[in-house]
Amino acid sequence: MNKRYLSGIQPNGDLHLGNYFGAIRKHIEAQDNAFYFLANYHALNTIHDAATLDRLTTEAAATYLALGLDPDRATLFRQSDVPEVCELSWLLATATGKGLLDRAHSYKDKVNRGLPASMGLFFYPVLMAADILACDTDVVPVGSDQVQHVEMCRDMATLFNNQYGREVFKLPVYELGTPVPVPGIDGLKMSKSSDNTIPIFAPAKQLKARVMLIKTDGTPLEAPKDPDTCNVMALYKLVASPEEVAILEVKYRNGGYGHGHAKLDLLAALEARFGAARERYNALMQDRSIVDKALAHGALRARAVAREVTDRAREATGLR
Ligand code: TRP
């Protein structure tokens with residue numbers, strides 16, 4: 001049996017190049033037998049408008065489908081279509097000490113950044129543990145910010161299994177991916193909270209406006225430029241082919257080629273890389289029935305697994 005990979009995607013904003021090179025690309029490469037879900041219960045911590053949450057959830061699903069996720073190879077679903085995770089999170093909570101959650105870094109970080117200190121935010125690692133355990137997950141691919149959450153999930157599963165003297169939950173491991181630095185338009189790490197993103201599927205005009213805003217060092221057009229310290233170049237390296245990168249590096253070193261020119265090259269490379277996917281994305285967003293069907297198909301599969309796990313937990317606890 002293949003190992004089961006699972007990951008959650010928070011539908012809380014336009015997916016951008018940082019998400020693509022940091023996670024989405026790898027998710028799609030490793031899609032066989034994987035479970036991926038749109039974490040809309042989690043997103044309730046930040047989004048309190050029904051139409052917005054529904055739209056962002058559909059857009060995130062359409063993004064994955066447009067970029068090559070095949071709903072027959074991977075199980076793609078909405079978290080809220082598997083409400084068993086809520087029941088499991090309660091059961092886990094009853095076996096978990098509050099001190100475990102007090103030690104979570106992300107809660108403290110988020111509250112320090114100004115998010116309201118809600119119970120939802122505090123409880124988040126328990127729901128995340130339930131997401132993972134509900135699907136009998138073997139491996140959770142993560143960035144360094146999520147390692148602690150998977151460790152907490154293992155702790156909760158162990159506490160629960162010990163409490164009831166049987167192996168209700170399968171213990172997952174995390175797999176730490178190599179980070180891919182993606183600079184935002186200001187040169188800092190691209191992230192939604194820094195408001196420096198380039199969306200994957202922005203309409204052409206908006207994409208151009210974002211690319212033109214990328215910060216450069218102001219070297220005059222005629223002067224030679226250092227390709228190794230330029231934000232435009234750093235993004236170009238992610239998107240363009242090695243041959244194209246080599247050509248642009250020569251132009252930088254020779255001088256007489258402005259940052260404005262390089263930005264147009266980056267735009268062309270983005271179009272070559274994502275243009276066809278953007279058309280698929282737009283078509284999916286025109287007729288959402290395809291996205292809905294794919295998500296319903298995924299929900300059926302994920303829910304069948306979650307139902308079995310929940311039944312094991314109910315039986316162990318005496319709930320039935
Ligand atoms: N916490 C993850 C994030 O912010 C999203 C997530 C929710 C998740 N549940 C998960 C990731 C389960 C992996 C497994 O990116």
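All values below come from the heavy atoms of this structure, side chains included, with hydrogens, waters and symmetry mates left out. Remember, it's 1-based here, ligands and their atoms both numbered in the order they're listed.
- Of the heavy atoms in Ile132, only side-chain atoms (C-beta onward) come closer than 4.0 Å to ligand 1.
- Counting only N and O atoms by type, the side chains of Gln79 and Asp131 include a donor and acceptor under 3.5 Å apart.
- Within a 6.0 Å sphere centred on NZ of Lys251, other residues, nucleotides and ligands contribute more than 12 heavy atoms.
- The nearest protein atom to atom 9 (N) of ligand 1, hydrogens excluded, is given as Asp131 OD2, 2.8 Å; this is a heavy-atom distance.
- The protein atom (non-hydrogen) at minimum distance from atom 5 (C) of ligand 1 is Gly8 O, 3.6 Å.
- Of all the atoms in ligand 1, the ones that sit under 4.0 Å from a non-hydrogen atom of His42 are 7 (C), 9 (N).
- Not a single donor-acceptor pair under 3.5 Å links the side chain of Asn231 to the backbone N or O of Gly184.
- Note on ring orientation: taking the six-membered ring where Trp is involved, the planes of Tyr64 and Tyr36 are tilted (angle from 30° to 60°).
- Proximity of Val140 to ligand 1, defined as any heavy-atom pair under 4.0 Å, is confined to the side chain (atoms from C-beta onward).
- Using a 4.0 Å cut-off to heavy atoms of Tyr124, the atoms of ligand 1 that qualify are 1 (N), 2 (C), 3 (C), 4 (O), 5 (C).
- Remark: minimum distance from atom 3 (C) of ligand 1 to any protein heavy atom is reached at Gln146 NE2, 3.4 Å.
- Residue Tyr41 does not touch ligand 1, judged by heavy-atom distances below 4.0 Å.
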Quiz item: Are Leu235 and Leu270 close enough, and set up right, to give a side chain to side chain contact (heavy atoms under 4.5 Å, CB included), and what steps lead you there?
Solution: CA-CA 10 Å; Leu235 286 164; Leu270 284 167; over 6 Å; no
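- Atoms of ligand 1 lying under 4.0 Å from at least one heavy atom of Leu6, given by number and element, are 12 (C), 14 (C).
- Partners of Tyr124 under the side-chain hydrogen bond (donor to acceptor under 3.5 Å, both in side chains) rule, at least two apart in sequence or in another chain, are Gln10.
- Each ring pair (Phe, Tyr, Trp, His ring centres under 6.0 Å) pair with one or both residues in residues 289-314, not counting sequence neighbours, would appear here, but there are none.
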